[in-house]
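Worksheet for the structure shown next.
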Amino acid sequence: MTESVKGKVPSRRAFLKGAVAAGGAVAGAGMVRAAEGDPLITEVQPWASGFGEGVDATPYGLPIRFESDVVRRNVEWLTADTISSINFTPIHALDGTITPQGCAFERHHSGAIELSKQDYRLMINGLVDTPLVFTYADLERFPRENHVYFCECAANTGMEWAGAQLNGAQFTHGMIHNMEYSGVPLRTLLEEAGLDPAGDLSDKWIYVEGADASSNGRSIPMDKALDDVLVAFKANGEALRKEHGYPVRLVVPGWEGNMWVKWLRRVEVMDGPVESREETSKYTDTLADGTSRKWTWEMDAKSVITSPSPQSPIPHGAGPLVITGLAWSGRGAIDRVDVSIDGGENWQTARLAKPGEAKALTRFYLDIEWDGSEMLLQSRAMDDTGYVQPTKEALREVRGENSIYHNNCIQTWLVTPNGEAENVEVS
Amino acid sequence: MSKYLNLGLIGAVAASLGAAPALADGYGLGRAATADEIAAWDLDVMPDGTGLPEGSGSVSDGEDLFVEHCAVCHGDFAEGVGNWPALAGGEGSLADEDPVKTVGSYWPYLSTAWDYVHRSMPYGNAQILSADETYAIVAYILYSNYIVEDDFVLTKDNFLDVEMPNADGFIVDDRETAEAHFWDAEPCTENCKDEVEITMRATVLDVTPQDDAEEAIADQAAAEEPAAEEAETQQAALDPELVAEGEKVFRKCQACHQVGEGAKNRVGPQLNGIVGASVGRIEDFRYSKPMAELGESGEVWTEDNLAAFLAKPRDFLKGTKMSFAGLRKEEDQAAVIEYLKSFEE
């Protein structure tokens, strides 16, 4: 158990050491057993002779111990306390697009609370015909939908504004996860309470609030609330995890993660925004002249190469190499991703594993024959609104360096001939 | 906060009579919320003051309350302790290289401060402040930012008269116009730059969390085993129920203190093995002068003096930096001490 939570970041030194050890083993085998071949094949191995574990050895399975480094990690100096903090999804070690709940990043403002289904209540109040209270069991009786969406913290890549800082895709881009949610459209619940008293809905808002001590709350314009917002209780087929808002969280597709209120307890229909702490003092983006943008809800198109990357170096030399990464847009579907191996001088269009889906992660691959020379790897996402992921320089020209949030710039990894990768900035 | 609380009342009355006409068109699920339920949860306050309860509080009352409830993280003068947020200062810094964003320098609405203090603070002990106490603390935060004088009393009636310095400092998201050039459907794909140079490297900063000393991990693993055994013998003498109770009480402490494996000094020192240890035992922790002096006099933490300290820290040791109000209940003191005893040095 302890092993699975104590993650280890493969360090530069450990990587080099590993390479030497592997080389040694090959040489050794070559000297002693060249004629016989690989003992893993020529000799009967214990697992091919005896038993493995029986069923029920682990009623709810965890990843095998060899994967114990694929865990969320925290950057301790970022926040004062883990109770109000964030950690990062190990995107460098995952493939496909669905994030397993157990390693999907967490962000709490006053810790992950334990709230049972029995104790759960959801209130709809404000400008409605009848303020209502739902139990968890009530929610399960409304018609349900399934959707895959990414959830990205607005601060993802926020430490990189002033320069290349954190050396790993997990740390630069890991405040993101992508899950299949099952839940009830918020529209259904609002209509159940009746929206007649709200009158003209075009200038109305909702305020959504969590049950934890931080009482995290955000204002959302009514047109979004009635569009695709989901009141979700399952993710990837199973109950939400405690750290993601069990038993019920809000899903606000394409919009910044802070609005995806966990432990959702109240939705109020209002005639204006509350201007809560999280939408004024935080999650506002300060420009170079000191003015700040507010209500920057959409997550712009963005991508990152997850491997090779600093935590996922190339373990082999020249030859076939899979370059892979993730792309997403809060405004629509990804329809193209370009990859550059020379720092943005020339670009090739990558292969999408599947056609992009709106507001969900898209996996891309570029399969190359690596000549073993230095590379400056970049990826550039484009969505179906025509938006092209900008360079860091282009973003800074508009926003300066103090926006904290919404940094969707093109990321550069320097890959050296020995396969190591490093977070760098290029001209 | 709803301006239409009356509707809630009508709904509640209708439901209690067994009639719910509004539900006829829907699925008929859920029940009408009562007016008391709405009042209990609908606490938000809007920029125009909608939702503010009656009440008032002075800067001077606010100062006492602030020291008792807030200063442990935000500092006596709202200047912020360590990595915790500063609530005062930073005037005119928003265009600087490192802006300091505080209630005074950044927050556009006073309602946000009142709402947040009332609903979400104090950290780890939220929703304990009365309306008057909240007015007082917010008045003190304004005073700390030189926005009001020391004789100021904040009330529901003068609330909207307070001018927030950065009220006009915000614009609504303008990315679609200011960044229209990013919607550039055909980006360059060949010979896009003359040259590419590396201008910055993350390894130069070296701030990425790493376990690069494998030896240290091995050492730690070796050291852990006997320690675990010792812990077991030690824990046998403890009352497990009281320890569990203490763990809950300790939530009030953990904003500043850590215990257990890998515990580190934060705002307060880590507390492993505190019972029976010398006062001021951690060399590199910056204790208050009186605490350091008490340690130099040879004082040792016992269950008795720890209980006295926890009951009212500032009475036990005038000048202590621990600005926690104290654990009034003796059973809480005993429980948290039992809990602390379960952690070896």
Side-chain angles (χ1 to χ4, degrees), chain A residues 8-9 11 13-14 73 75 80-81 123 125-127 129-134 138 141-142 163-168 171 192 194 197 207 213-215 266 272 274-275 277 280-281 286 289-296 343-347 376 386-388 390 398 402 422-427, chain B residues 2 4 7-8 11 22 26-27 29-33 37-38 41-42 44 46-47 82-84 94-95 99 106-109 112 115-116 119-120 126 169-173 178-179 182-185 187 189-193 196-203 205 207-212 214 255:
Chain A
K8 186 162 128 357
V9 182
S11 69
R13 216 168 85 205
R73 290 185 180 83
V75 175
D81 182 13
M123 182 187 289
N125 76 310
L127 304 174
D129 292 311
T130 311
L132 292 177
V133 173
F134 298 113
D138 291 334
R141 297 175 65 190
F142 286 100
Q165 181 158 245
L166 288 165
N167 215 14
F171 302 110
E192 184 75 7
Y207 182 67
S214 76
S215 187
R266 196 169 70 88
V274 167
E275 303 283 9
R277 176 198 188 245
T280 53
S281 78
T286 301
D289 68 357
T291 55
S292 303
R293 287 177 177 159
K294 66 174 185 177
W295 305 350
T296 46
E345 222 175 306
N346 298 285
W347 297 85
L376 286 163
Y387 185 96
V388 182
V398 188
N402 282 325
E422 185 189 340
N423 178 8
V424 299
E425 274 184 20
V426 293
S427 58
Chain B
S2 171
Y4 295 80
L7 287 170
Y27 295 88
L29 295 170
R31 61 163 176 86
E37 287 173 336
I38 294 170
W41 274 8
D42 187 351
D44 56 74
M46 295 179 71
N83 227 352
W84 297 99
L94 296 179
Y106 195 61
W107 293 35
Y109 305 107
T112 311
D115 188 21
Y116 189 69
R119 264 198 298 154
S120 310
F170 291 80
I171 55 169
V172 172
D173 184 3
E179 298 174 5
F182 295 162
W183 275 265
D184 167 28
T189 54
E190 276 175 42
N191 304 316
C192 306
K193 300 178 185 177
V196 177
E197 269 175 41
I198 294 173
T199 52
M200 189 156 182
R201 307 178 63 138
T203 46
L205 274 173
V207 291
T208 309
Q210 289 210 353
D211 308 337
D212 61 351
E214 288 172 334

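Values in this document were obtained by computation on a predicted structure and should not be read as measured data. Per chain, numbering begins at 1; letters A, B, ... match sequence-line order.
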Can you tell me if [X] uses its side chain to pair, donor with acceptor, with the backbone of [Y] under 3.5 Å?
| X | Y | result |
| --- | --- | --- |
| A:Asn125 | A:Pro131 | no |
| A:Gln165 | B:Val207 | no |
| A:Glu345 | B:Val196 | no |

Does any heavy atom of chain A fall under 4.5 Å from the side chain of [X], the backbone, both, or neither of them?
| X | value |
| --- | --- |
| B:Ile198 | both |
| B:Pro108 | side chain |
| B:Glu190 | both |

How long is the gap from [atom1] on [X] to [atom2] on [Y], to the nearest 0.5 Å?
| X | Y | atom1 | atom2 | answer |
| --- | --- | --- | --- | --- |
| B:Met46 | B:Thr112 | CE | OG1 | 11.0 Å |
| A:Phe171 | B:Thr208 | CZ | OG1 | 7.0 Å |
| A:Asp129 | A:Glu192 | CG | CD | 11.0 Å |

| task | Of all the heavy-atom pairs spanning B:Ala126 and A:Ala213, show the shortest one and how long it is. | result | CB-O, 3.6 Å
| task | Please report the closest heavy-atom contact between B:Pro99 and A:Asn402, naming both atoms and the distance. | result | CD-ND2, 3.4 Å
Top contributor to chain B contacts, counting heavy-atom pairs under 4.5 Å, from [options]:
| options | result |
| --- | --- |
| A:Gly272, A:Pro390, A:Gly168 | A:Pro390 |
| A:Trp347, A:Trp295, A:Tyr387 | A:Tyr387 |
| A:Val424, A:Val75, A:Leu376 | A:Val424 |
| A:Ser214, A:Gly343, A:Ala164, A:Gly344 | A:Ala164 |
| A:Thr291, A:Asp138, A:Thr296 | A:Thr296 |
| A:Lys294, A:Arg277, A:Arg141 | A:Arg277 |

| request: Against chain A, work out which of B:Tyr109, B:Tyr106, B:Trp107 has the most heavy-atom pairs shorter than 4.5 Å and name it. | output: B:Tyr106
| said: As an exercise: rank B:Asn191, B:Ile171, B:Asp184 by heavy-atom pairs under 4.5 Å with chain A and give me the winner. | reply: B:Ile171
Is it the side chain or the backbone of [X] that comes within 4.5 Å of chain B heavy atoms, both, or neither?
| X | value |
| --- | --- |
| A:Asp81 | both |
| A:Tyr207 | side chain |
| A:Glu422 | side chain |

| field | Side chain to side chain, A:Val398 and B:Phe182, heavy atoms closer than 4.5 Å | value | yes
